[in-house]
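This report refers to the structure that appears directly beneath it.
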Amino acid sequence: IEDVPGLLEIITPLEDKGALVKRSRELLEREISRFHIVVDAENVVVACMALYPFANGTSAELACVATHDDYRNRGFAAKLLQHVETQAVAANLSHLFVLTTQTAHWFVEHGFAASSIEELPAEKQELYNYRRNSKIFCKKL
C-alpha cells in the first residue's frame with residue numbers, strides 16, 4: 001500500500017493524456033496485489049504493470065504498463081514483463097492480453113501479436129470500451 005503514491009506519480013500523467021484508463025487512489029489500494037513494480041535505490045517507483053487473471057483460468061490481462069519519464073528506455077518495463085510472464089506461467093496461464101492506445105509497437109517488439117475483440121475472454125469483451133479504440137494484442141506463453 002505504501003507504493004500507491006509512487007504508482008500515482010507515474011500513471012497520472014499518462015491518464016491525463018488518455019494513454020491509460022483513470023484509476024482512483026481507492027481502486028489502486030484495493031487492487032495493489034495485482035501490481036508489479038520496479039523501484040530504484042531511493043525507493044522511487046520507476047515502472048509498473050498489473051496482471052488481471054480472467055475467470056477462464058487460462059488467460060489474463062496485462063494492464064497499467066507505465067515507466068516514470070526519468071527512467072524510460074532503460075529496459076525496466078521489459079524486465080518487469082519477463083517477471084510477470086514467469087509468474088503467469090507458474091500460475092498455469094497460457095495467454096496474456098493487452099489493450100493499448102499508444103504503445104502497440106512496444107508490445108509487438110516483446111512478442112505480442114495483433115488480436116481481436118472476439119478473441120478476448122467473454123468477460124473482457126463485455127467491458128471493451130469502443131470509444132477508446134484500443135488495439136488488442138495477445139501473447140501465448
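We use all heavy atoms of the structure for the numbers below, so side chains are in, but hydrogens, waters and symmetry mates are not.
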Are [Y] and [X] connected in a single hydrophobic cluster, I mean Ile/Leu/Val/Met/Phe/Trp/Tyr linked by side-chain heavy atoms less than 4.5 Å apart?
X      : Y     : value
Ile37  : Leu81 : no
Trp106 : Val38 : yes
Leu7   : Leu14 : yes
Val98  : Met49 : yes
Phe107 : Leu99 : no

*asked:* Using ring centroids (six-membered ring only for Trp), state whether Phe112 and Phe137 fall under 6.0 Å.
replied: no
*Can the ring centroids of Tyr71 and His68 be said to lie less than 6.0 angstrom from one another?*
yes
*Step by step, work out the side chain to side chain contact (heavy atoms under 4.5 Å, CB included) result for Val4 and Arg25.*
CA-CA 7 Å; Val4 170; Arg25 180 184 190 96; 3.9 Å; yes
[atom2] on [Y] to [atom1] on [X], rounded to 0.5 Å:
X      : Y      : atom1 : atom2 : answer
Ile136 : Glu118 : CD1   : CD    : 8.0 Å
Thr100 : Arg132 : OG1   : CZ    : 8.5 Å
Leu96  : Ser59  : CG    : OG    : 8.5 Å
Lys22  : Leu27  : NZ    : CG    : 13.0 Å
Ile10  : Asp69  : CD1   : CG    : 9.5 Å
Leu51  : Glu61  : CG    : CD    : 9.5 Å

*Taking 4.0 angstrom as the limit, do Glu85 and Lys139 come out as a salt bridge?*
yes
*Over 12 foreign heavy atoms within 6.0 Å of CG, Asn73*: no
*Is atom NZ of Lys124 surrounded by more than 12 heavy atoms (other residues, nucleotides or ligands) closer than 6.0 Å?*
yes
With the side chain counted from C-beta on, respond yes when [X] and [Y] share a heavy-atom pair under 4.5 Å apart, and no when they do not.
X      : Y      : result
Leu120 : Ser115 : no
Leu28  : Leu8   : yes
Leu62  : Val84  : yes

*Please lay out, stage by stage, how Val65 and Thr103 fare under the test side chain to side chain contact (heavy atoms under 4.5 Å, CB included).*
CA-CA 10 Å; Val65 178; Thr103 56; over 6 Å; no
*asked:* Before you tell me yes or no, could you show the steps for Glu26 and Arg30 under salt bridge (charged side-chain N to carboxylate O under 4.0 Å, His left out), namely the whole-Å CA-CA distance, both residues' side-chain angles and the distance that decides it to 0.1 Å?
replied: CA-CA 6 Å; Glu26 293 77 21; Arg30 280 195 313 271; over 6 Å; no
Over all heavy atoms of both residues, which pair between [X] and [Y] is shortest? Give the atoms and the distance, please.
X      : Y      : result
Asn129 : Arg131 : OD1-N, 2.9 Å
Glu123 : Ala55  : OE1-N, 2.8 Å
Pro121 : Asn56  : CG-ND2, 3.7 Å

*Has the side chain of Tyr128 got a donor or acceptor atom that lies under 3.5 Å from a matching backbone atom of Ser134?*
yes
*Output yes when a side-chain donor or acceptor of Ser94 lies under 3.5 Å from a complementary backbone atom of Leu141, and no otherwise.*
no
_Can you tell me how the ring of Phe97 sits relative to the ring of His95, calling it parallel under 30°, perpendicular over 60° and tilted otherwise?_
parallel
*Could you go step by step and tell me if Arg23 and Cys64 meet the side chain to side chain contact (heavy atoms under 4.5 Å, CB included) rule?*
CA-CA 9 Å; Arg23 292 168 176 81; Cys64 200; 3.7 Å; yes
_Per the ring pair (Phe, Tyr, Trp, His ring centres under 6.0 Å) rule, what does the pair list look like for residues 21-65, sequence neighbours excluded?_
His36-His83
